[in-house]
Amino acid sequence: MAVSVEARNIQIPYSSLTVDHTLPIPEMKPSLVYALFQFCFFFLLMYSTRFELILIMKRIMKKLCKDLFTKWSNLDESHFFAERVSGGITNLLLKVSVKEQNGNMVHITVRLYGPNTEYVINRERELQAIHYLSSAGFGAKLLGVFGNGMVQSFIHARTFEPLDFRKPKLAAEIAKQLHRFHQVEIPGSKEPQLWVDTFKFFERASTLTFDDHEKQARYDAISFEEVHTELIKLKELTGRLDAPVVFAHNDLLSGNVMLNEDEAEKLYIIDFEYASYSYRGFDIGNHFNEYAGYDCDYTLYPNKDEQYHFFRNYLQPESPDQVPEKELKMLYVETSCYMLVSHIYWALWALIQAKMSPIDFDYFGYFFLRYNEYKRQKETCLSLARSYLSRPDLE
């Protein structure tokens, strides 16, 4: 079976496998992919070294790959190998290796969605965009889709660390690639989705309850009336900046950039779960926030000189030294304001994850780190914007 990617009728292999996940582990049969992968997501996090689970995953990957790719349908189990590659705080990535009949080893990536991520991620929007971005040279090629994830080509590269962002050569290359990313056109509405998504996050985040008393107490300490007021102010102010609307990545953290150091330091931008039409300044400001990493060490946030270095390579990739000062200043103000929006966006996201995600991560702590940094930076950035907007030459 195949699914069509909207607007081009591109056929992507699709598996509808199911599993009876009520069976004990030794008797589990790889037949229901959605329930199976939710089951394995929990157990991979807790028991990833246990022999019986590794054996089950091997059988799962074999069944899934044979269902999606008929050329492997006659291979027995000894031809399939699966290992955990990495996983952030949303998904799990598996590297699956297949030894073909001729002895060639083929590697693919299986991306397993975390349970309940549909509360924060629009999977239909992601699948619509991924082919066009892949055709433009971004990310891995989409090879197949299943009930709770996707199969993609394997990229031979290492994932960035936050400190890599501070290296001038790599920062310049990211800026140039982001410039090109923002030129990709995705069919459908070009309306920016930032505020639609942010207020949707707010609605969900502000109506949660927690069985855990400690979590509920931390949740009750949040003033959602205050957060809503801040969002309204930010929407009004950023609207006056008239920032360009582009197809944005929206989640350009270190885990979503890869580097092949053996291939002339070839750089890859990957993972388009949050990609949508949005504002240029949000994509760049959000990226700058990610210099701090998951630990939110905002002493690592790029200074003005580092930002201008990025801007020059973004605005004019072929002649970065020729960017007019006026354009640099405008993008600096734009990015500083949308950087604030980024803090609230991910703070609200963290609250939803605190309720929905089984992953062992301090989402509440992450909320407070992001929201407190927003409050710390607010007056400086807003004063900068008001000063810029009051200039006579802008009237």
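Sequential numbering from 1 along the given sequence is applied to the chain's residues.
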Charged N-O contact under 4.0 Å between [X] and [Y]:
X: Lys378; Y: Glu230; value: yes
X: Asp164; Y: Arg158; value: yes
X: Glu126; Y: Arg123; value: yes
X: Glu273; Y: Arg111; value: yes
X: Asp220; Y: Lys215; value: no
X: Arg218; Y: Asp362; value: yes

Hey, is [atom1] on [X] packed in by over 12 heavy atoms from elsewhere, all under 6.0 Å?
X: Lys375; atom1: NZ; result: yes
X: Gln183; atom1: CD; result: yes
X: Lys190; atom1: NZ; result: yes
X: Lys95; atom1: NZ; result: yes
X: Asp211; atom1: CG; result: no

Ignoring hydrogens and angles, state whether a donor on the side chain of [X] or [Y] is under 3.5 Å from an acceptor on the partner side chain.
X: Glu373; Y: Gln377; value: yes
X: Ser278; Y: Asp283; value: no
X: Gln177; Y: Tyr314; value: no
X: Ser342; Y: Arg370; value: yes
X: Asn286; Y: Trp346; value: yes
X: His156; Y: Asn260; value: no
X: Thr229; Y: Glu226; value: no
X: Tyr279; Y: Thr238; value: no

Between [X] and [Y], does the ring centroid distance fall short of 6.0 Å?
X: Tyr301; Y: Tyr298; answer: no
X: Tyr219; Y: Phe224; answer: yes
X: His343; Y: Phe367; answer: no
X: Phe181; Y: His179; answer: no
X: Phe210; Y: Phe364; answer: yes

Rounded to the nearest 0.5 Å, what separates atom [atom1] in [X] from atom [atom2] in [Y]?
X: Leu331; Y: Phe311; atom1: CG; atom2: CZ; value: 4.0 Å
X: Tyr332; Y: Glu325; atom1: OH; atom2: CD; value: 11.5 Å
X: His309; Y: Leu328; atom1: NE2; atom2: CG; value: 12.5 Å
X: Tyr371; Y: Ser223; atom1: OH; atom2: OG; value: 7.0 Å
X: Glu236; Y: Leu231; atom1: CD; atom2: CG; value: 13.5 Å
X: Leu142; Y: Met150; atom1: CG; atom2: CE; value: 6.0 Å

Phe165 and Phe160 aromatic ring geometry - parallel, tilted or perpendicular at 30°/60° bounds | tilted
Could you label the plane-to-plane angle of the Phe282 and Tyr338 rings as parallel, tilted or perpendicular, counting under 30° as parallel and over 60° as perpendicular?
-> perpendicular
Quiz item: cation-pi between Lys266 and Tyr268, 6.0 Å / 45° = yes
Given side chain to side chain donor-acceptor pair (under 3.5 Å), test Tyr119 with Trp349 step by step and report yes or no.
-> CA-CA 9 Å; Tyr119 284 93; Trp349 169 91; over 6 Å; no
Checking [X] side chain against [Y] main chain: does a donor-acceptor pair fall under 3.5 Å?
X: Asn256; Y: Asp251; value: yes
X: Ser134; Y: Ile130; value: no
X: Asn313; Y: Ala175; value: no

Under a 4.5 Å side-chain heavy-atom rule over Ile, Leu, Val, Met, Phe, Trp and Tyr, are Phe138 and Ile284 clustered together?
-> yes
Honestly curious: do Ile359 and Leu369 fall in one hydrophobic cluster under the side-chain, below-4.5 Å linking rule?
-> no
Tell me, please, which residues at least two apart from Glu100 pass side chain to side chain contact (heavy atoms under 4.5 Å, CB included).
-> Lys71, Trp72, Asn102, Asn104, Val106
